[in-house]
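Scroll down for the structure; my scribbles are underneath it.
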Amino acid sequence: MKTNPKNILGLVALGLTLFINIAPTWAGKVGAHAQVAVGTNQQIGWYASGSMVGARYSADRTQSIGCSVWSIATPTFPPSVSCSARDSQGVSFHCNSYEPSLVGAVQGMTDSSYIYFEGPYQAGLCSRILIYHGSDNIR
């Protein structure tokens, strides 16, 4: 069997093309908001923001943020959502809600989603939850 330089060159080009297509690619930038922030505001009360990826890769081991949905298979207990966050200084905020729209917002959350939630002082209730999905939150 005789080898043809054109065939070898074609196989090399095909191999490189296949290799390049399976290499992982990332788009976007990591936003400055990826770190966890907890604070207060006179108009809204407590608020927290950040992402689980930002907390995981932060320089400290204090940061955390997340939300969970609780559902029990009985009509007397509607699904609820619970969100909590702790910033690098150890300041934390936690809130809950039975509001169906807030429960639905959290159900699509991923570890790289930007999470924002807020609630009035001392009530422990979430009044707003924002889950943002975008490539700018991926590391």
Side-chain angles (χ1 to χ4, degrees):
M1 181 167 146
K2 194 174 183 185
T3 56
N4 186 345
K6 287 183 183 180
N7 288 344
I8 293 174
L9 189 57
L11 289 174
V12 169
L14 177 63
L16 288 174
T17 302
L18 293 174
F19 175 74
I20 290 170
N21 286 337
I22 61 169
T25 58
W26 293 276
K29 61 178 176 52
V30 175
H33 58 263
Q35 298 288 315
V36 177
V38 176
T40 60
N41 179 304
Q42 288 183 335
Q43 294 177 344
I44 60 172
W46 284 95
Y47 66 87
S49 65
S51 72
M52 289 183 274
V53 169
R56 182 182 306 129
Y57 293 109
S58 65
D60 58 77
R61 294 183 167 264
T62 306
Q63 295 182 44
S64 65
I65 192 166
C67 297
S68 58
V69 174
W70 293 87
S71 183
I72 300 173
T74 177
T76 57
F77 293 103
S80 66
V81 64
S82 176
C83 294
S84 63
R86 185 176 60 237
D87 67 13
S88 61
Q89 304 301 311
V91 178
S92 61
F93 169 52
H94 177 84
C95 64
N96 302 295
S97 178
Y98 290 99
E99 176 61 41
S101 62
L102 299 181
V103 171
V106 171
Q107 288 177 325
M109 183 176 69
T110 67
D111 65 341
S112 58
S113 298
Y114 170 73
I115 305 166
Y116 172 87
F117 56 95
E118 63 184 47
Y121 292 113
Q122 300 175 352
L125 299 173
C126 299
S127 57
R128 182 178 297 166
I129 298 174
L130 166 75
I131 306 297
Y132 168 74
H133 307 287
S135 65
D136 53 338
N137 289 328
I138 299 173
R139 282 197 185 222

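Starting from 1, each residue takes its place in the sequence as its number.
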Summary of salt bridge (Lys or Arg N to Asp or Glu O under 4.0 Å) pairs that have at least one residue in residues 120-129, sequence neighbours excluded: Glu118-Arg128
Going by salt bridge (Lys or Arg N to Asp or Glu O under 4.0 Å), name the residues that satisfy it together with Glu99, two or more places apart in sequence or in a different chain. none
Closest approach of Met52 to Ile65 (non-hydrogen atoms, all atoms of both residues): CG-O, 3.2 Å
Where is the tightest heavy-atom contact between Val36 and Ala55, given as atom of each residue plus distance? CG2-CB, 3.8 Å
Inter- and intrachain pairs under disulfide bond (SG atoms under 2.5 Å apart), touching residues 39-85, at least two apart: Cys67-Cys83
Using 30° and 60° as the class boundaries, would you call the ring planes of Trp46 and Tyr121 parallel, tilted or perpendicular? perpendicular
Hydrophobic cluster identity match, Val81 and Phe77, side-chain contacts under 4.5 Å: no
Salt bridge (Lys or Arg N to Asp or Glu O under 4.0 Å): which pairs involve residues 71-83, sequence neighbours left out? none
Residue pair Gln63 / Gln35: nearest heavy atoms and the distance that separates them: NE2-OE1, 2.7 Å
With sequence neighbours excluded, residues passing side-chain contact (heavy atoms from CB on, under 4.5 Å) with Ser71: Pro79
Which pairs pass disulfide bond (SG atoms under 2.5 Å apart) with one or both residues in residues 96-129, sequence neighbours excluded? Cys95-Cys126
Please report the closest heavy-atom contact between Ser97 and Leu102, naming both atoms and the distance. OG-CD1, 3.5 Å
For Ser113 against His133, the heavy-atom pair lying closest together: OG-ND1, 2.8 Å
Residues in side chain to side chain donor-acceptor pair (under 3.5 Å) contact with Ser92, at least two apart in sequence or another chain: none
Within residues 46-74 or reaching into it, pairs that qualify as salt bridge (Lys or Arg N to Asp or Glu O under 4.0 Å) - sequence neighbours excluded: Arg56-Asp111
Would a 4.5 Å heavy-atom cut-off, applied to side chains only, mark Ile115 and Leu130 as touching? no
Value for CD1 (Ile44) from CZ (Phe117), rounded to nearest 0.5 Å, stands at 11.5 Å
How would you list, by chain and number, every residue that makes a side-chain contact (heavy atoms from CB on, under 4.5 Å) with Pro78, sequence neighbours excluded? Tyr98
Is the Tyr132 ring parallel, tilted or perpendicular to the Tyr114 ring (thresholds 30°, 60°)? perpendicular
Between Tyr47 and Phe93, does a side-chain contact (heavy atoms from CB on, under 4.5 Å) hold up when you go through it step by step? CA-CA 7 Å; Tyr47 66 87; Phe93 169 52; 5.7 Å; no
Pairs meeting criterion salt bridge (Lys or Arg N to Asp or Glu O under 4.0 Å) with involvement of residues 84-95, two or more places apart: none
